[in-house]
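Here is the structure we will look at, set down as structure tokens.
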Amino acid sequence: MVLEVKRPRPMWEILFSTHHTDVGLLYLIFSITAFIMGGALAMSIRTELFLPGQQLFADSNTFHRVFTVHGTDMLFLWVMPLASAFGNYLIPIMVRYQDMAWPKLNAVAFWMVPVGAALIWMGWADVTWNAYPPYSIIRAPGPAAEMWIFGLKILGISSVLGGVNFVVTILKMKHPDLPLMKTPLFVWAQLVTSLMLIVSMPTFAASLIMLYTDRLGVSGFFNPAMGGDPIAYQHLFWFTFHPEVYVFLIPAVGMLYEMIPKFSRKPIYSYASGVIAFVMLAIVGFASWAHHMYATGMNFSEKTVFMVGTLAAVPASAMHVFNWLATMWGGRVKFAAPMAFTIGGIILFFGAGAGGIVNTAMPLDFLTHDSYWVVGHMHLFLMGLITFAFIGFIYYMFPFITGRTYSEKAAMVQFWMMFIGVILIFFTQHLLGLYGQPRRTFDYVPVPPLIMMNQISTFGAWITGSAAALFVANLVYSVGWGKPADMKDPFHIGEQYYDYRRKEPHH
Amino acid sequence: MSTHHDDEEPIYRTTPKRWMQGLLIIGITLAIGAAIFVPNFDNMYANPPPVTRLAQAQQSQQPPAQPAAAGTTQIIIHSGAAVKGNPNFDPNDAQVPLGNKIVWVNQDNVPHTATSGTGSSDPNSGKVFDTTIINPGESSKPVDTKDMKVGDTIAYYCQIHPYMTGKITITAAASGGAASGPALTILSGAAVKGNPNFQPDELTAKKGDTIQVTNQDNVPHTVTSGTGSSDPDSGKYFDTKIIDPSGSASIDTSNMPSGSYPFYCQIHPYMTGKITIT
């Protein structure tokens, strides 16, 4: 479907290939599709909230089902597969090996993702992406909830298989002349992410089974009527999914480490501090899970431990940001679209991080808990930093993948629309939370401040949605009709680009 | 890796035609997916979790609770009842003491009716009673049985889903006296703060009545006299202790002087109500 070196291959050969760039391409196309579908749901959610009262959806149940699929889709079908996509493309190149360690396992890991996706998109569960009991056990209608549970189960297994493959490729298949401390920081990002996945995912896998047997009524782990404890689920869930926040974040950080030195035409300011910050994030990621649960009645010392554990992530994140700024400082920065998305992402990351400090301070957390503040905060991370880095990196890799150039003008228009749109949506949502609008609601109190802020937020969503449409149009047009790229240095920055000859399968 | 000069090799880039074929594969896949999920959107959301059916099965093994005379008989329309083959009216064969009022509670997420007769082709359909449409989450208007005879068996069905059928059997009115009394119901979902909890919230009883308490929620509750756990008189007049989900208890009022008695749930102290003894 894309750039071929020796001869164009039939479509099915790419589809069922085990070559790392082919699997990477499948991951990439899959995740962009999921991004667009999840984004369409986001548009419908914001449109529903443009005015108080019922607008677009038949009832609140439909609303719950839509935001559940939106959240599950964006986290597990957009963010995680996209990180795997570029990991597949670049890790074997960067460790100087011919392919992933286990190419067939790699293809299996990919093909599990559409299966899980189908279960989630066919069922439309209403359990939210957390699936907290007791609701998810005793009320959530089936088979939607069962399909959600099995969908996530399959996605979890897929990401563990993918993670194992990355770890082995990086540690065991690395060229003997290449020390780990000489590999690009992108490799470190994938290594740390994969290790975190392998450590954290089994906990959630177990709690999904417990959730399912609880729904069947054969066990009562989380069912209070059978002596279970719903809070126990929250501990298990967040033990997986707080580290998972860094699993979402770290690949994006790794991508910024690829782009910033290239577009600044300067080496990374401090390679070692980047490695240290990755490892620190991976460790403190496991020491902060219960900061999602301050309002569950934990005692003061527990809350203090998790507050300190959470704040420990601040120095590590700041090390990354200062490293980026110091790399850009004094460089001849070329503001092509990938770099624009990078810098926009860093600015939004700063906003998200500042909001995060408010959340983690336990007295303040009680003001923001379960309000729109949380929605704004976590979206500013996922949309602000992570999605910006991903879109920038898609543009950066575009010549490598397709052999063509994208439209720079359209990409810059898209950047400014998204940057303004994201600020309008998510900064406003922080304020909405402080005004007391609870999250996950279909309706809100019809008072002027809430109506006005919801409309600003929805307006921002429409701008961002238009920008996403422009993004897709740019990609679709440029893959077929874009100008052929200079494969040695497509951005004309005088820096080394990736070896496009890797795209010719060797098996 | 390669030993020859790659720069001299031609590079094949995707042609528009090939790219359109690729997009077509994605589009067809998504269209097939949509063709499956759009018609099934509601079906995927129709069945209550199996654990609730388990609770219902255990409940139906117990002898049916004595319906209170001069009271109300509740018939539940289960969530998911609209799907053929699922449990629908519960109890399916309700024993209604003469003079009782019957109320159908629609716990499903689509509208239903309870209309006397065996089906829409029955010439007598709707003659004895017809609740008309009961919207999701609502209860029907009470159907009076005082014009019926003891021993009557009346079949009824749902006009919207004719495969949903049930019947009621009229039994002799329960003898009056100490056993009879007003009913207090702990509503389903009562444990969630802000939801309606006790029905009626303020109950009036004659001294000597026995108040029947039924827990329709799926977590345990208590009915304990007093205003809260810090009340020194908490539990002084009555305390049902823990009532399990779908369980019931009774409150004897024979030792309570007339007056009003606030009560609450010891597990969920925000659930409060009041009993007035006359």
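Being a predicted model, the structure only gives us computed values, none of them experimental.
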Nearest 0.5 angstrom please: [X] [atom1] to [Y] [atom2], how far?
X: A:Trp12; Y: B:Ile25; atom1: CH2; atom2: CD1; value: 13.0 Å
X: B:Ile26; Y: A:Ile32; atom1: CD1; atom2: CD1; value: 9.0 Å
X: B:Trp19; Y: A:Leu475; atom1: CH2; atom2: CG; value: 7.5 Å
X: B:Arg18; Y: A:Arg9; atom1: CZ; atom2: CZ; value: 8.0 Å
X: B:Asp42; Y: A:Asn61; atom1: CG; atom2: CG; value: 10.0 Å

Can you tell me which portion of [X] sits under 4.5 Å from chain B's heavy atoms? Options are side chain, backbone, both or neither.
X: A:Tyr212; value: neither
X: A:Ala58; value: neither
X: A:Ala118; value: neither
X: A:Thr62; value: side chain
X: A:Pro484; value: both
X: A:Val218; value: neither
X: A:Thr402; value: backbone
X: A:Arg139; value: both

Practice prompt. If a pair satisfies salt bridge (Lys or Arg N to Asp or Glu O under 4.0 Å) and one of its residues is in residues 213-227 of chain A, list it, with sequence neighbours excluded.
Written response: A:Glu146-A:Arg215

Discussion item. Between B:Ile36 and A:Met122, does the side-chain contact (heavy atoms from CB on, under 4.5 Å) criterion hold? Intermediate values first, please.
Written reply: CA-CA 7 Å; B:Ile36 298 172; A:Met122 297 287 165; 3.8 Å; yes

Return yes if some donor-acceptor pair links the side-chain N/O of [X] with the main-chain N/O of [Y] below 3.5 Å, else return no.
X: A:Arg404; Y: B:Thr14; value: yes
X: A:Trp481; Y: B:Pro16; value: no
X: A:Arg65; Y: B:Phe41; value: yes

Discussion item. Can you give me the closest heavy-atom contact between A:Ala140 and B:Pro49, atom names plus distance?
Written reply: O-CG, 3.5 Å

Worksheet item: What is the minimum heavy-atom distance between A:Ile137 and B:Val51, and which atoms define it?
Response: O-CG1, 3.5 Å

Fill in: Heavy-atom neighbours of A:Tyr477 OH exceed 12 at 6.0 Å
no

Fill in: Verdict with reasoning, B:Tyr45 to A:Trp124, per ring pair (Phe, Tyr, Trp, His ring centres under 6.0 Å)
CA-CA 8 Å; B:Tyr45 197 66; A:Trp124 293 83; over 10 Å; no

Discussion item. Using heavy-atom distances under 4.5 Å, tell me whether B:Asn218 contacts chain A through its side chain, its backbone, both, or neither.
Written reply: both

Response to the item:
So, the part of B:Asp244 with a heavy atom under 4.5 Å from chain A: the answer is neither

Worksheet item: Which one of A:Pro143, A:Pro134, A:Pro114 has the most heavy-atom pairs closer than 4.5 Å to chain B?
Response: A:Pro143

Item to complete: Would you mind telling me which of A:Ser136, A:Ala485, A:Ala145 has the largest number of heavy-atom pairs within less than 4.5 Å of chain B?
Response: A:Ala485

Expected list for residues 223-231 of chain A: side-chain donor-acceptor pairs under 3.5 angstrom, two or more places apart:
from     : atom 1 : to       : atom 2 : distance (Å)
A:Asn223 : OD1    : A:Ala225 : N      : 3.1
A:Asp229 : OD1    : A:Ile231 : N      : 2.9

